[in-house]
*Asks:* 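If you scroll down you'll find the structure; I have some questions about it.
Numbering starts at 1 and runs along the sequence shown.
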Amino acid sequence: MIVDICIIMHVLLVHIYVKFHCIRITSLMLLLVVDTKVLHLVESEEEPSPGVGGGFCRWQLNPGMYHYKTVPANRYFTVCLRRAGQTVYQQVLSVERPPTLQGWNWGYCGEYAFYHALYPRAWTVYHLPGQDVTLTCRQVSPVIPHDYQDSSLPVAVFLWDIENKNDYDLEVSIMFTMVNGSGHKDDKSGGHWNEPFHLEKDGDAVSGVLLHHCPAVNPYTLCIAAREKADREVSHQTAFSPKGTCSALWNDLITDGRLDSPTGSSPPTAKGDKVAAALAVGCTVPAQSHNMLEFCLAWDMPKITFGSREREHIRRYTRYFGARGAASPALSHYALTHYRQWEKSIEEWQRPILQDSSLPSWYKSALFNELYFIVDGGTVWTELPEDADVSGGLRSENGGLPAQPAVIKEYGRFAYLEGQEYRMYNTYDVHFYASFALIMLWPKLALSVQYDIAGSVVQQDPTERLHLMSGRCSPVKTRNVVPHDIGDPDDEPWQRVNAYLIHDTADWKDLNLKFVLQVYRDFHLTQDRQYLQDMWPICQAVMESEMKFDLDGDGLIENSGYADQTYDGWTVTGPSAYCGGLWLASLCVMCKMAILLDNKEMYQLYRSTLDKGSTAFDKLLWNGKYYNYDSSGRDLSNSVMSDQCAGHWFLRASGLGDGEFKAFPQEKIRSALKSVYELNVMSFAGGHMGAVNGMRPEGVPDRSSVQSDEVWIGVVYGLAATMIHEGMLTEGLRTAEGCYRTVWEQLGMAFQTPEAYCEKSIYRSLAYMRPLSIWAMQLALNASQRDQTTLASTGTTDQDQAVQAQKEDQS
């Protein structure tokens with residue numbers, strides 16, 4: 001689900017086995033994280049340290065606040081095999097051998113397990129040694145494009161296919177255990193309790209155990225449930241203590257393949273104690289045949305508060321299941337009776353890409369599996385409070401916004417962290433890259449984010465605070481500039497923005513421009529004219545603020561001699577390729593929007609500025625092969641920046657970049673991209689690690705800053721998309737593949753893609769937002785396929801196109 005309690009199966013393993021991220025598990029570590037959806041496994045090329053094993057980890061029940069704790073009793077599933085009334089095999093499906101629960105049979109051999117992931121589904125295959133039985137656990141989460149109801153649900157389904165290859169029948173039981181809590185200190189705060197439940201509706205029945213977790217802040221209910229059928233027996237243990245050997249529960253299952261199933265609720269826990277629950281489902285599997293068992297995990301935390309505790313927020317799913325905190329049975333029932341529809345929708349969405357033989361397997365894996373961050377990015381999806389005023393006080397009639405824009409009222413507010421280690425929501429300079437996933441798959445959420453950002457533009461917060469890099473104090477928020485972020489989850493997001501403390505981002509050169517570029521791209525992809533009209537005055541305001549950075553009136557903005565953009569550790573002075581390019585592209589889309597809105601006066605202003613600025617840009621930065629990093633004249637000002645064509649990338653993604661609405665000569669863009677490919681990609685790490693941010697013309701990385709010699713995965717995917725737009729498909733795929741191979745195979749960081757790594761495999765900021773930009777590659781591929789179809793239907797050749805482009809450039 002796209003919301004707030006994800007479950008990540010984290011597996012430390014070694015050996016990539018087949019395409020689509022199929023992994024042979026030599027060391028299995030199932031780490032389920034509760035915040036939004038089943039997120040599957042994480043790989044590592046290294047053997048785990050002693051004590052690493054299977055269980056739930058990386059918890060994010062309190063919005064945006066992660067903690068990492070493996071809870072021994074959350075050991076996922078245990079299997080029990082019985083023949084002729086006798087138990088012949090019982091095993092926890094984990095390689096761990098923890099210091100507690102020693103009455104259980106631990107130490108499953110990971111050599112017999114394999115994992116496959118294609119988010120939002122995954123398959124873990126267990127061959128039970130010596131038993132001629134194969135278990136396949138299929139994990140399904142309703143992360144479904146253009147679905148704004150089921151994609152919000154806090155549920156995950158585990159479907160167990162059991163294959164009996166023996167010549168005799170077997171009775172097979174699978175037990176699911178769960179601690180009431182997340183390994184946090186409040187697990188021992190007392191007052192937590194469990195109760196069994198049974199719910200029958202529309203001819204389908206589910207039963208299980210509710211685990212009511214009752215801290216003072218953000219109480220919730222976990223639910224483990226199973227679907228009842230005539231050939232299955234569902235049993236439970238309402239409560240057991242997850243400390244000591246826990247032999248009683250193990251022996252209860254081993255005796256007859258079922259649990260005691262006491263009635264009534266457990267007493268509230270005493271302070272210092274923990275409580276857990278277990279659910280078992282059994283069935284007969286005939287000889288040489290299959291059967292299936294269906295489990296569900298749900299979590300119901302309908303109301304949340306952030307760190308300040310000032311406001312209560314209602315989660316999106318409560319629109320359909322209520323906000324009383326009693327939704328877990330209904331959620332489980334809904335999940336277990338609708339997952340087949342979810343899978344059908346997921347397959348229909350993914351099938352065209354998976355069946356496209358022109359696309360490499362690694363790309364298909366990366367495209368879908370990188371979507372984990374949409375739900376595991378500290379994600380919150382809430383209803384708009386009735387008293388909320390998104391406009392920031394400047395209403396539509398005065399050049400502002402509606403107090404409650406229709407898209408937010410209907411689809412809610414959405415926020416995700418810059419990274420699990422960089423705790424700021426909707427960090428806008430990074431969202432610029434990541435936003436392709438939202439606008440392509442959940443466009444209403446993308447527009448909702450834009451309305452929230454637009455409303456914050458017109459607000460100000462004059463509170464003075466110290467910024468770490470300059471050592472100077474400045475206001476938290478300046479009017480008519482785009483904020484860096486919408487707040488810290490440990491404070492009060494949306495109400496207090498700009499949690500970022502390193503620089504005063506009111507003087508950053510990229511934020512305003514990224515807003516303008518996203519506005520038009522979003523309009524191009526959605527054709528939502530009301531959105532365009534609402535955003536137009538905000539775009540004008542931020543462009544007017546940006547104009548002050550053109551110090552000499554040549555139509556081109558200038559950087560201020562510090563790291564005043566998303567590369568916040570890489571100093572840039574004067575006109576620069578990155579910010580100057582974003583500026584020219586923004587002027588270009590402002591011209592386009594002015595025409596669409598019949599504003600000739602503003603069109604003339606932006607057109608004349610674009611013409612002047614383009615001339616200055618070429619004069620100051622073009623060196624015959626590529627655009628210099630900046631125009632400062634420093635020794636390293638002619639470094640080759642991998643991201644120098646970011647402005648043109650967004651023009652192409654918006655259907656522009658040709659004819660009247662282009663900012664850069666096509667032959668110069670292609671020359672720059674070829675230079676980047678030859679130097680930043682192929683001359684770096686043998687061409688196998690993507691594109692380094694900065695490269696010297698002589699073929700060595702620019703080491704002038706901590707960021708210039710890094711590879712930023714999200715930037716590389718954007719670069720690859722730009723190459724694809726410009727007909728450099730082979731180069732684009734080769735560039736992006738280096739990042740995939742490095743992250744998912746060499747570094748073992750699947751489902752926790754970092755912001756950056758260096759040539760020596762030093763990495764920074766695990767689980768980061770920017771790599772969602774891989775969806776820009778898919779947008780570029782879609783556009784390329786449409787172009788090829790058009791060319792085929794008109795009989796136009798690539799040579800004809802090149803001649804026409806050259807004529808346009810000359811004109």
*Asks:* So which atom in Cys223 and which in Phe197 form the shortest heavy-atom distance, rounded to 0.1 Å?
*Replies:*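 In this case the closest contact between Cys223 and Phe197 is SG-CE2, 3.5 Å.
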*Asks:* Regarding Glu343 and Arg121, does a basic nitrogen lie under 4.0 Å from an acidic carboxylate oxygen?
*Replies:*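 Judged by the 4.0 Å cut-off on N to carboxylate O distance, Glu343 and Arg121 do form a salt bridge.
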*Asks:* For the aromatic rings, using the six-membered ring if either is Trp, is the centroid distance between Tyr411 and Tyr148 under 6.0 Å?
*Replies:*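 Yes.
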*Asks:* What's the shortest heavy-atom distance between Ala335 and Trp342, and which atoms?
*Replies:*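 Smallest interatomic distance, heavy atoms only, reads CA-CH2, 3.5 Å.
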*Asks:* Mind telling me whether Trp775 and Phe368 have parallel, tilted or perpendicular rings, with 30° and 60° as the class edges?
*Replies:*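 The arrangement is perpendicular - the two ring planes meet at more than 60°.
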*Asks:* Going by an N to O cut-off under 4.0 Å, is there a salt bridge joining Arg227 and Asp204?
*Replies:*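 A salt bridge links Arg227 with Asp204.
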*Asks:* Regarding Thr284 and Glu171, is there a side-chain donor-to-acceptor distance under 3.5 Å anywhere?
*Replies:*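 Side chains of Thr284 and Glu171: no pair found under 3.5 Å.
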*Asks:* Which atoms form the tightest heavy-atom contact between Phe414 and Leu438, and what is the distance?
*Replies:*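 Closest pair (atom of Phe414, atom of Leu438, distance): CE2-CD1, 3.9 Å.
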*Asks:* Would you call the rings of Phe176 and Phe295 parallel, tilted or perpendicular, taking 30° and 60° as the class edges?
*Replies:*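 Rings of Phe176 and Phe295: perpendicular, over 60°.
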*Asks:* Validate the cation-pi geometry between Arg138 and Phe158: distance from NZ or CZ to the six-membered ring centre under 6.0 Å, angle to the ring axis within 45°.
*Replies:*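 No, Arg138 and Phe158 do not form such a contact.
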*Asks:* Treating Asn194 as the side-chain partner and Ala239 as the backbone partner, does any N or O pair qualify as donor plus acceptor under 3.5 Å?
*Replies:*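 No.
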*Asks:* So which heavy atom on Tyr108 is nearest to which on Val95, and how close?
*Replies:*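 Tyr108 and Val95 have their closest heavy atoms at O-CG1, 2.9 Å.
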*Asks:* Please name the pair of heavy atoms, one in Asn166 and one in Gln131, separated by the smallest distance, quoted to 0.1 Å.
*Replies:*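 So the minimum-distance heavy-atom pair works out to ND2-O, 2.9 Å.
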*Asks:* Would the distance check show the side chain of Tyr317 and the main-chain N or O of Gln149 forming a donor-acceptor pair, the cut-off being under 3.5 Å?
*Replies:*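 No.
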*Asks:* Decide yes or no on side chain to side chain donor-acceptor pair (under 3.5 Å) for Gln420 and Asp376, but give the supporting numbers first.
*Replies:* CA-CA 8 Å; Gln420 292 178 6; Asp376 192 28; 3.0 Å; yes
*Asks:* With a 4.0 Å cut-off on N to O distance, would you call Glu383 and Arg319 a salt bridge?
*Replies:*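 The answer is yes: the pair qualifies as a salt bridge.
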*Asks:* Using atom types as modelled and distance alone, determine if a side-chain donor or acceptor of Thr318 lies under 3.5 Å from a backbone N or O of Ile314.
*Replies:*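 Between the backbone of Ile314 and the side chain of Thr318 there is no qualifying donor-acceptor contact (under 3.5 Å).
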*Asks:* Any side-chain heavy-atom pair from Gln91 and Leu128 closer than 4.5 angstrom?
*Replies:*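 Sidechains of Leu128 and Gln91: no contact.
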*Asks:* Ignoring hydrogens, what is the shortest heavy-atom contact between Ala225 and Leu279? Give both atom names and the distance.
*Replies:*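 Closest approach of Ala225 to Leu279: C-CD2, 3.4 Å.
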*Asks:* Is there a side chain to side chain donor-acceptor pair (under 3.5 Å) between His192 and Thr269 once you walk through the steps?
*Replies:* CA-CA 5 Å; His192 312 310; Thr269 57; 5.0 Å; no
*Asks:* Going by heavy atoms in the side chains, are Asp300 and Pro154 under 4.5 Å from each other?
*Replies:*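 SC-SC contact between Asp300 and Pro154 ruled out.
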*Asks:* Could you please spell out the steps behind the side chain to side chain donor-acceptor pair (under 3.5 Å) verdict for Glu228 and His198?
*Replies:* CA-CA 10 Å; Glu228 296 184 356; His198 173 85; 3.2 Å; yes
